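Worksheet: one structure, shown below.
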Amino acid sequence: MLSRPPTISPPPPTHEQWMAHAIHEAEKARTKGEVPIGCVIVHDGKIIARGHNLRETTRDPAGHAELLAIRKAAKKLAAWRLLDTTLYVTLEPCTMCMGAIILARIPTVVFGCFDPKGGAAGSLFDLSHDPRLNHTVELVPQVLEEYCSALLRDFFAELRRRKRL
């Protein structure tokens, strides 16, 4: 009697593959006239929440991709502590979003490009390892950086072009 062959599982998705989903969310924002920033939250190898900027659409200054995704993930997991999750976002989180990431106890943030004017994960500030806070965040920066950066650069170039017309 032959024994059953071992099951071969595909390798887990890479940071680049998960970031591609965040980029898809950013492109949704762009089609709505929003700044193209997208986010996904992964738990146990599955996307449990997605978000993209909706500040203009909702007229909400807190309508950032990360906050929208964090709220959805908390609802999905029925918990405010988002332990064992990874947040993927196309742009370095701002202070508001890093605050929410820290409060939600998200252990890992993977982001596309740095934000020298407002980033709180290494650019302007670094809240990820502030010893005064009760949670630290592992950062994985510059994943698909060129594409994430080009999305933003092209969006703002188009806005400037339209204003000149």
Side-chain angles (χ1 to χ4, degrees), residues 9 11-30 34-149 151-152 155:
S9 300
T14 64
H15 288 318
E16 288 79 8
Q17 289 168 312
W18 291 123
M19 184 62 76
H21 291 278
I23 288 169
H24 181 69
E25 289 298 313
E27 289 169 344
K28 286 183 189 177
R30 183 180 44 80
E34 298 278 352
V35 176
I37 300 170
C39 179
V40 297
I41 298 177
V42 175
H43 179 260
D44 287 340
K46 294 181 185 129
I47 294 174
I48 61 165
R50 301 170 182 270
H52 55 271
N53 267 17
L54 289 174
R55 286 174 30 173
E56 299 297 330
T57 303
T58 61
R59 294 184 174 94
D60 178 3
H64 288 209
E66 300 95 309
L67 291 184
L68 298 172
I70 288 169
R71 288 180 184 133
K72 290 175 187 174
K75 189 172 185 176
K76 175 89 173 175
L77 296 178
W80 64 267
R81 290 179 189 89
L82 301 180
L83 306 172
D84 303 319
T85 63
T86 301
L87 184 145
Y88 291 84
V89 63
T90 55
L91 180 67
E92 175 186 5
C94 69
T95 54
M96 175 178 67
C97 292
M98 276 303 291
I101 288 163
I102 290 164
L103 291 172
R105 309 299 195 269
I106 295 173
T108 307
V109 170
V110 179
F111 64 90
C113 56
F114 283 100
D115 181 2
K117 293 183 178 181
S123 287
L124 193 57
F125 303 104
D126 188 358
L127 298 179
S128 68
H129 288 87
D130 190 317
R132 297 168 294 180
L133 300 174
N134 65 345
H135 177 69
T136 60
V137 179
E138 176 190 352
L139 299 175
V140 181
Q142 299 174 295
V143 173
L144 298 181
E145 177 183 29
E146 287 184 33
Y147 193 88
C148 293
S149 194
L151 264 176
L152 291 162
F155 175 81

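Just so it is clear, the model here is predicted, and its values are computed rather than measured.
- Evaluation of the salt bridge (Lys or Arg N to Asp or Glu O under 4.0 Å) rule for Arg59 yields no partner, not counting sequence neighbours.
- By the side chain to side chain contact (heavy atoms under 4.5 Å, CB included) test, Leu83 is found to be paired with Arg81, Arg105, residues two or more places apart in sequence or in another chain being considered.
- The salt bridge (Lys or Arg N to Asp or Glu O under 4.0 Å) search around Glu25 returns Lys28, Arg50, not counting sequence neighbours.
- The two residues Lys72 and Ala49 come nearest to each other via the heavy atoms CB-CB, 3.7 Å.
- Rounded to the nearest 0.5 Å, atoms CD1 (Ile37) and CD (Glu27) are 13.5 Å apart.
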- prompt: side chain to side chain contact (heavy atoms under 4.5 Å, CB included) between Leu54 and Asp60: does it pass, once the steps are laid out?
  reply: CA-CA 8 Å; Leu54 289 174; Asp60 178 3; over 6 Å; no

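- Scanning all heavy atoms of the two residues, the minimum distance from Cys148 to Thr90 falls at CB-O, 3.4 Å.
- Inter-residue side-chain proximity for Val35 and Leu91 is flagged as unmet; no heavy-atom pair is nearer than 4.5 Å.
- Enclosure of atom CZ in Phe155 by more than 12 non-hydrogen atoms of other residues, nucleotides or ligands within 6.0 angstrom is indicated.
- Between Thr86 and Val140, every side-chain heavy-atom pair lies at or beyond the 4.5 Å cut-off.
- Within the 3.5 Å criterion, the main-chain N or O of Ala65 finds a donor-acceptor partner in the side chain of Asn53.
- When all heavy atoms of Cys113 and Glu145 are compared, the pair lying nearest together is CB-CG, 4.0 Å.
- The environment of His129 atom NE2 is dense: over 12 non-hydrogen atoms of other residues, nucleotides or ligands sit within 6.0 angstrom.
- Taking every heavy atom of both residues into account, Arg30 and Leu151 meet most closely at NE-CD2, 4.1 Å.
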Tell me which donor-acceptor pairs under 3.5 Å the side chains of residues 116-124 have, and how far apart each pair is, sequence neighbours excluded?
{"unit_1": "Ser123", "atom_1": "OG", "unit_2": "Glu92", "atom_2": "OE1", "d": "2.5"}

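- To the nearest 0.5 Å, atoms CG (Leu87) and CD (Glu66) are separated by 6.5 Å.
- Counting heavy atoms from C-beta on, the side chains of Ser128 and Met98 come closer than 4.5 Å.
- Side-chain contact between Phe125 and Thr95 is present, with at least one heavy-atom pair separated by less than 4.5 Å.
- To the nearest 0.5 Å, the span separating CG on Leu144 from NE2 on His15 amounts to 11.0 Å.
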message: Between Met19 and Val110, does the side chain to side chain contact (heavy atoms under 4.5 Å, CB included) criterion hold? Intermediate values first, please.
response: CA-CA 8 Å; Met19 184 62 76; Val110 179; 4.0 Å; yes

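- Ile47 and His21 make their closest contact through CD1-CG, 3.5 Å (heavy atoms, listed as atom of the first residue, atom of the second, distance).
- Here the side chains of Val137 and Ile106 are not in contact, with every heavy-atom distance at 4.5 Å or above.
- For Cys94, the side chain to side chain contact (heavy atoms under 4.5 Å, CB included) criterion is met by His64, Met96, Cys97, not counting sequence neighbours.
- Residues Gly63 and Leu68 approach most closely at O-CD1, 3.9 Å, considering heavy atoms.
- Asp115 CG to Ser149 OG: the interatomic distance, rounded to the nearest 0.5 Å, is 10.5 Å.
- The salt bridge (Lys or Arg N to Asp or Glu O under 4.0 Å) search around Asp130 returns Arg132, not counting sequence neighbours.
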